[in-house]
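Here the structure is a predicted model, which is why all the values come from computation and not from measurement.
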Amino acid sequence: MELAYIPSPSSGVLYLGPVPLRGYAFCIIIGVFVAVWLGNKRWIARGGRAGTVADIAVWAVPFGLVGGRLYHVITDYQLYFSEGRDWVDAFKIWEGGLGIWGAIALGALGAWIGCRRRGIPLPAYADAIAPGIAIAQAIGRWGNWFNQELYGRATDLPWAVEITSSADGRMPGTYHPTFLYESLWCIGVALLVIWADRRFTLGHGRAFALYVAGYCAGRFWIEYMRVDEAHHILGLRLNNWTAVLVFLLAVLYIVLSARKRPGREAVVEPGAGDGGGPAADAGQTDGDAAGKDASAEAATTEDATDTDDATDTDDATDTDDAGKPGKPGKSEKPDESEGPAEPEESKDGAGSAKKA
């Protein structure tokens with residue numbers, strides 16, 4: 001009876017016509033997009049502007065890729081610089097090999113540069129993108145499935161992964177799918193951070209530190225199951241020691257930060273809440289239009305008032321002239337040659353008043 005297992009793809013490259021789509025790179029790219037999308041939503045919810053997360057990611061992602069590759073090449077230098085190896089392969093990132101420790105370290109440097117340029121506190125940005133990074137890792141781990149790498153000890157469990165390649169010392173068989181374990185663990189870490197952030201109102205980098213601590217806890221036992229070549233120190237793989245050290249630093253940061261700076265940042269992005277941006281511009285335009293309408297209305301009212309005043313003044317003057325006739329001027333003297341002038345009837349009754 002054939003045992004159930006997770007089959008591995010026959011090739012790590014998918015072709016879209018003549019264009020090759022490498023599974024490993026494809027998973028990394030999708031993970032980055034998901035991380036930016038989720039981080040943007042969380043950033044806006046915390047009072048930041050839309051698009052800021054993507055702008056800073058332009059700095060963080062390239063730095064992270066370089067850092068991840070450097071960590072892998074340095075810790076597994078024998079794969080590229082030992083006898084019979086080609087050092088040019090160290091640049092072939094699409095073939096796999098990114099160390100999360102280096103990716104986070106150098107990615108944080110890139111994010112710091114981007115945040116500094118925008119006047120944004122790095123801890124607040126890190127808190128916003130922390131769950132997204134965990135989900136990006138969950139997606140990226142499936143790139144190892146495409147490359148048939150990073151599996152654990154041999155097993156006959158129904159969810160074992162089948163390895164068919166014999167390249168680089170692999171032995172075909174069924175093994176623990178450590179890539180799957182880590183993927184599921186990262187999703188759990190993302191959910192944990194989201195819940196804790198809402199429940200305890202985490203701020204000042206503590207949500208990010210919780211992600212780091214949670215990931216390291218899972219990475220320790222998952223790394224312990226792997227059988228691929230790695231450097232060992234006192235019987236433990238190098239990444240086990242790294243996970244322990246980083247876990248302790250993350251927990252220490254959470255404790256000290258909570259004591260020194262409790263609560264959450266009131267403002268995460270300068271100018272985001274003062275009416276800046278397109279929405280504010282639209283509001284300002286509406287305000288200007290309303291002001292113009294008010295001014296026009298006031299001007300109309302003023303004109304109407306002036307007209308009424310002028311009319312009243314004219315009426316008053318006519319009345320005064322009618323009630324108190326003065327001496328006629330030269331133009332008003334009657335023409336004696338034509339005889340006495342007949343009083344003229346006027347519309348306002350002035351002539352009648354004079355006749356009386």
Side-chain angles (χ1 to χ4, degrees), residues 27-65 100 103-141 183-218 250 253-254 257-258 261-280:
C27 291
I28 297 296
I29 293 172
I30 294 177
V32 170
F33 274 103
V34 172
V36 172
W37 170 79
L38 181 57
N40 182 66
K41 292 191 64 174
R42 287 173 52 81
W43 183 252
I44 294 174
R46 295 193 62 177
R49 290 175 175 169
T52 297
V53 170
D55 292 342
I56 297 176
V58 171
W59 289 91
V61 172
F63 273 74
L65 291 175
I100 186 61
I104 294 297
L106 232 60
L109 175 60
W112 176 79
I113 296 174
C115 288
R116 184 176 178 84
R117 290 168 60 90
R118 299 289 293 265
I120 292 172
L122 177 61
Y125 180 82
D127 285 341
I129 65 173
I133 294 178
I135 295 178
Q137 288 180 252
I139 298 173
R141 273 307 178 199
S183 179
L184 296 175
W185 182 269
C186 287
I187 292 176
V189 170
L191 296 176
L192 171 65
V193 173
I194 293 173
W195 171 81
D197 193 26
R198 293 177 178 176
R199 175 66 177 79
F200 302 105
T201 316
L202 301 178
H204 302 286
R206 289 188 288 277
F208 183 81
L210 178 61
Y211 145 72
V212 172
Y215 172 75
C216 289
Y253 178 87
I254 293 174
S257 175
R261 307 185 70 179
R264 177 183 287 177
E265 299 91 341
V267 178
V268 297
E269 185 170 2
D274 62 357

For the residue pair [X] and [Y], what are the closest heavy atoms and their distance?
X: Tyr253; Y: Ala209; answer: CD2-CB, 3.8 Å
X: Ala130; Y: Ala207; answer: CB-O, 4.0 Å
X: Gly31; Y: Ala136; answer: O-CB, 3.2 Å
X: Val53; Y: Gly39; answer: CG2-O, 3.5 Å
X: Pro62; Y: Ala57; answer: CD-O, 3.8 Å
X: Val189; Y: Ala134; answer: CG1-CB, 4.4 Å

Those residues that, when tested against [X], pass side chain to side chain contact (heavy atoms under 4.5 Å, CB included) (two or more places apart):
X: Ile30; result: Phe26, Val34, Ile139
X: Ala138; result: Ser183, Cys186, Ile187
X: Ala124; result: Trp43, Pro121, Glu265, Val268
X: Ala108; result: none

Contact check, side chains of Tyr215 and Val193, non-hydrogen atoms, under 4.5 Å =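 Not touching, per the 4.5 Å side-chain cut-off.
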key: Side chain to side chain, Ile104 and Ile133, heavy atoms closer than 4.5 Å   =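 Heavy-atom side-chain distance check passes, below 4.5 Å.
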task = Not counting sequence neighbours, which residues clear salt bridge (charged side-chain N to carboxylate O under 4.0 Å, His left out) with Arg42? List them please.
result =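 Salt bridge (charged side-chain N to carboxylate O under 4.0 Å, His left out) list for Arg42, sorted by chain: Asp197.
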query = Residues in ring-ring contact (aromatic ring centres under 6.0 Å, His included) with Phe33, at least two apart?
reply = none
ask   = How would you list, by chain and number, every residue that makes a ring-ring contact (aromatic ring centres under 6.0 Å, His included) with Trp37, sequence neighbours excluded?
value = none
ask   = salt bridge (Lys or Arg N to Asp or Glu O under 4.0 Å): which pairs involve residues 120-134, sequence neighbours left out?
value = Arg46-Asp127
Excluding sequence neighbours, so at least two apart, what forms side-chain hydrogen bond (donor to acceptor under 3.5 Å, both in side chains) with [X]?
X: Tyr211; result: Gln137
X: Asn40; result: none
X: Arg206; result: Ser257

Going by atom type alone, with no hydrogens or angles, which donor-acceptor pairs under 3.5 Å involve a side-chain atom of residues 109-118 and a protein atom two or more places apart or on another chain?
| residue | atom | partner | partner atom | Å |
| --- | --- | --- | --- | --- |
| Arg118 | NH1 | Asp55 | OD2 | 2.9 |
| Arg118 | NH2 | Thr52 | OG1 | 3.3 |
| Arg118 | NH2 | Glu269 | OE2 | 3.4 |

Please round to the nearest 0.5 Å and tell me the distance separating atom [atom1] of [X] and atom [atom2] of [Y].
X: Arg264; Y: Leu202; atom1: CZ; atom2: CG; answer: 7.0 Å
X: Ile120; Y: Ile56; atom1: CD1; atom2: CD1; answer: 4.0 Å
X: Ile28; Y: Arg141; atom1: CD1; atom2: CZ; answer: 8.5 Å

